[in-house]
Amino acid sequence: MTALVRRESGLDRRSTVVVAALVLVTSALVVLSVGTGDYEMSPGEVLATLAGSGTKAQYLVVMGRLPRVLVAILVGAALALAGAIFQTVTRNPLGSPDVIGFTTGSATGGIVTLLFFGGGPGVVSLGALAGGLVTALVVMALCAPHGLLSSRLVLLGIAVSAVLGGVNAYLLVKANLEAAAEAVGWLVGDLSGRDWTYFVPLAVVMAVLVPIVFANGRALRMLEMGDDTAIGIGVDVPRVRLILVLVAVALVAAATAATGPLQFIALAAPQLARRMTRLPGPNLVASAFVGATLVVAADYVGQRLLESSLLPAGVVAAALGGVYLLWLLLRRRA
Amino acid sequence: MRTLVLVASLAALVAVVLLSIGFGSNRLSLGEVLHALFAYDGSYNDVVVRDDRLPRTVLGLLVGMALGLAGSLMQAITRNPVAEPGLLGINHGAAVAIVLGSTVFSLTSPDQYIWFAFAGALVGTTLVAVIGGTRGATSPLRLVLAGVAIQAVFIGINQAMQMINTHNLQAMRFWLVGSLINRNLDQLSVLLPFFVAGVVIAVVLARALNALALGEDTARGLGANPALVRAAGMVAVGLLSAAATAACGPIAFVGLMIPHVVRSLIGQDERWVMLLSALLGPVLLLGCDILGRVAASPAEIQVGVMTDVVGGIAFVIVARRLKAVRR
């Protein structure tokens, strides 16, 4: 399996170093996050507790906070993998799920269930899943006559997002204040209160999806070289593309169900991974680790940035992601 | 052809104004509307017309005109079919500044908002100018993405402020949708000079923009200074967008759709495009407003939601039609 991952994802020496560094950074952030809050623990105490030699109180604190960081890691990895797949399949660095409207669709599904069916994590997840899938289908159907490779996909995604954005705003206005506050909290993308009941379903979904992604890793890299080349090498292009797009949509939906829509992770992570590893292609492993690091970091920064109130990870991600996209656009012209 | 379109536009404008005043949860005849306007005697119907529907209609006229004009200006300056103050973050820039003003300084009415709106619109306009490049003919995709990025940052800031302050959420979620209701004419009169200033600059620039459409060198030959024309044009866009946003919240797509429709009808003469966009902007905005009143009767759907839905669908059509979208 390790050999397979290495071969299919193009892990060379530099990538290995990058991934190792990301693992270290993420681990450090995990220890810091788990030690932060009303009950402060030093990194040493956190590590000792994780190793099984803490007090009972410390153990309870760690177990209370651990799922939140683990959810952050999984969500970041899921979004980053989905982004890497989309950017490769559309052969467009900007063809990421949040830019082309899936995130907004998931949000619409989430709010509808939250406002009309009372919510509860399970129901909201189903709503987000349905919303994301329907939006994905609509955008791809609109784009179909031109083929998914066209840059129109991005414009159409933005257009569909705009319609859904209006719908979302309307739903918020119709709701009573309490429900609206809850919906805004969910819409922005937040990790607070994410316990094991969020972690377990997400982990199960990813245990199914991630192997499918890596099993198609080689084909994905071939797709990036162009359909003709890929077909020449013997890749069943339409089938592989369909499978990968469906898996990517499912990954986004699962992540959105867990935390609400986190903007720009799917866009930025694969590109940052590409810059760090200096490798072309989807860089699946490195992307997943970059995504995990970004979300854990956004959540940690959000908790520590302001003294009085906690900023949700989504706000940090949106602000930083937007700035990153602007920077990218400015660079592309130069 | 142009005269025909002009006459039809004026007719549509008059029709939509009458509909906007006459149509609502209680329907009034033309006679009752005229009675309220010219023989006001304080009856319930008269009050509805005078205090509710008239300000709403005047506001729709002003804002629609401002957005249509700002859209046609931006499209002429950038020579990009998707340039639009709402889509590119200018209106959201103004909105963020207003939310900031209401959070930090407890401001509540448009005449207090306006200076914040300008500051925000200025930031938005500058960002668009820097990123999209006002030198003309940037790729539609690039410009739209710049808008998406700018909006994401602005919306993130807005959400953060709303989460910190629930009281603010209550006030702002209604305002951020974009709506024409609950405004009185006194508040609007504060904004009037800014609308007028924007229109005047646009009128003065019209000939130069036409020259610019022929290319930079030709424009210079005809005596226009391209850099100056673009800068002045963006100032007008900023003025119009800020005033419109201060008056009724961020509204997107009016400036995108109307100039497209106009160009497909009468071609590229910027003077006519601007004139007709200014006339048809209110037709679209008030039309959406009326549609929102009818669709959810007896409740209402805010005009900002209607323009998002109608405009998003129109944008889908535009995006599907664009030939050879460059990356």
Side-chain angles (χ1 to χ4, degrees), chain A residues 92-94 98-99 142-143 145-146 150-167 169-170 172-175 177 180-181 184-185 187-190 263-264 302 306 308-312 314-330 332-333, chain B residues 82 86-87 127 130-133 138-157 159-160 162-166 169-170 173-174 176-179 252-253 299 301-302 304-320 322 324-327:
Chain A
N92 185 336
L94 295 162
D98 30 23
V99 176
L142 284 172
C143 200
H146 308 286
S150 148
S151 305
R152 264 188 201 84
L153 184 66
V154 178
L155 280 176
L156 285 168
I158 292 171
V160 171
S161 298
V163 176
L164 292 174
V167 173
Y170 179 66
L172 284 188
V173 170
K174 294 299 281 182
L177 183 58
V184 167
L187 256 183
V188 74
D190 193 2
Q263 299 281 350
F264 289 119
L306 295 178
S308 55
S309 54
L310 303 176
L311 272 185
V315 170
V316 181
L320 291 181
V323 171
Y324 171 73
L325 183 53
L326 290 177
W327 176 79
L328 201 71
L329 287 163
L330 287 173
R332 270 161 71 93
R333 185 169 53 174
Chain B
V82 299
L87 204 59
L127 280 171
V130 169
I131 295 144
T138 24
S139 114
L141 187 63
R142 181 195 169 85
L143 211 53
V144 170
L145 280 167
V148 168
I150 294 167
Q151 275 194 30
V153 179
F154 286 155
I155 290 173
I157 298 170
Q159 283 171 329
Q162 291 183 332
M163 294 192 67
I164 291 166
N165 182 343
T166 315
L169 167 66
Q170 178 67 338
R173 70 182 165 134
F174 288 99
L176 277 173
V177 168
S179 152
F253 287 117
I301 299 176
Q302 284 74 8
V305 175
M306 297 306 294
T307 50
D308 273 355
V309 173
V310 174
I313 292 167
F315 187 32
V316 167
I317 296 166
V318 171
R320 281 169 63 99
L322 279 180
V325 181
R326 279 178 300 154
R327 287 186 183 176

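Each chain gets a letter, A, B and so on, in the order the sequences are listed, and its residues count up from 1. The basis for the numbers below is simple: all heavy atoms, side chains too, and nothing from hydrogens, waters or symmetry mates. In this text the structure is predicted, and so the values were computed from the model without any measurement.
Ranked by heavy-atom pairs under 4.5 Å with chain B, the list A:Gly165, A:Gly166, A:Gly157 is led by A:Gly166. Contact count against chain B (heavy-atom pairs under 4.5 Å) is highest for A:Ala175 among A:Ser161, A:Gly321, A:Ala175, A:Gly189.
Only the side chain of A:Phe264 comes within contact range of chain B, judged by heavy atoms closer than 4.5 Å. Interface remark: B:Phe154 contributes no atoms to any contact with chain A (heavy atom separation under 4.5 Å).
When every heavy atom of B:Val316 is checked against every heavy atom of A:Ala159, the shortest pair comes out as CG2-CB, 3.6 Å.
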Scan the side chains in residues 305-315 of chain B for donor-acceptor partners under 3.5 Å anywhere in the protein, sequence neighbours excluded, and list what turns up.
| unit_1 | atom_1 | unit_2 | atom_2 | d |
| --- | --- | --- | --- | --- |
| B:Thr307 | OG1 | B:Val303 | O | 3.2 |
| B:Thr307 | OG1 | B:Gly304 | O | 3.0 |

